[in-house]
J.: 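Attaching a single structure in structure tokens format; questions to follow.
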Amino acid sequence: DFTSANIVIEKDQPWIIDLGLAVFSKDSEEQAVDLLLMQKSIGKKFTAFLEGYKANPSWKRVLGRMEEIKQRGRYQIRTG
């Protein structure tokens, strides 16, 4: 559940909390879902978040996968 609600800032240092179900994954699908959740969580500030995320060597692949996931039905914004 990687969202902004699980990040605490102390003296300009971010700390990730609530790691009960956390795993390290190299799977681009899992990383992309986390990235999409973060985007929905922080909205317009996501652009700034991405600048730091580019330290991930596979950021382009993950971002591409995130765009694919957005096209899936369960991630579409519903109206009406």
J.: How many angstroms lie between atom CD of Glu67 and atom CG of Leu35, to the nearest 0.5 angstrom?
T.: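 Rounded to the nearest 0.5 Å, the CD-CG separation comes out at 9.5 Å.
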J.: Does any non-hydrogen side-chain atom of Glu30 lie less than 4.5 Å from one of Val33?
T.: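 In short, these two side chains do not touch, never coming nearer than 4.5 Å.
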J.: Calculate, to the nearest 0.5 Å, the distance between atoms NZ and CZ belonging to Lys70 and Arg65 respectively.
T.: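 So the gap between those two atoms works out to 15.0 Å.
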J.: Contact between Tyr53 and Val62 at the side-chain level, heavy atoms closer than 4.5 Å - yes or no?
T.: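 Yes - at least one pair of side-chain heavy atoms lies under 4.5 Å apart.
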J.: Which heavy atom in Met66 sits nearest to a heavy atom in Leu36, and how many Å separate them?
T.: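 Taking Met66 first and Leu36 second, the nearest heavy atoms are SD-N, 3.7 Å.
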J.: Return each pair, listed once, that meets salt bridge (Lys or Arg N to Asp or Glu O under 4.0 Å) where at least one residue sits in residues 4-15; pairs must be two or more places apart or across chains.
T.: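 As it turns out, there is no salt bridge (Lys or Arg N to Asp or Glu O under 4.0 Å) pair with a partner in residues 4-15 once direct neighbours are skipped.
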J.: Are Phe49 and Trp15 in one and the same hydrophobic cluster, where Ile, Leu, Val, Met, Phe, Trp and Tyr link if side-chain heavy atoms are under 4.5 Å apart?
T.: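 Different clusters.
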J.: Measure the CG-OG distance between Asp27 and Ser58 for me, rounded to the nearest 0.5 Å.
T.: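 It comes to 10.0 Å.
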J.: Gln31 side chain to Ser25 main-chain N or O, any donor-acceptor pair under 3.5 Å?
T.: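 Confirmed, Gln31 side chain pairs with Ser25 backbone.
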J.: Nearest 0.5 Å please: distance from the CG atom of Leu50 over to the NZ atom of Lys45.
T.: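 The distance works out to 15.0 Å.
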J.: With rounding to the nearest 0.5 Å, note down the distance linking CG in Leu37 to CD1 in Ile42.
T.: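 One gets 11.5 Å once the value is rounded to the nearest 0.5 Å.
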J.: Mind checking the CG-CD spacing from Asp34 to Gln39? Nearest 0.5 Å is all I need.
T.: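 Those atoms lie 13.0 Å apart.
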J.: On a heavy-atom basis, which atom in Lys54 and which in Trp59 lie closest, and how many Å separate them?
T.: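 For Lys54 and Trp59, the tightest heavy-atom pair comes out as O-CD1, 3.4 Å.
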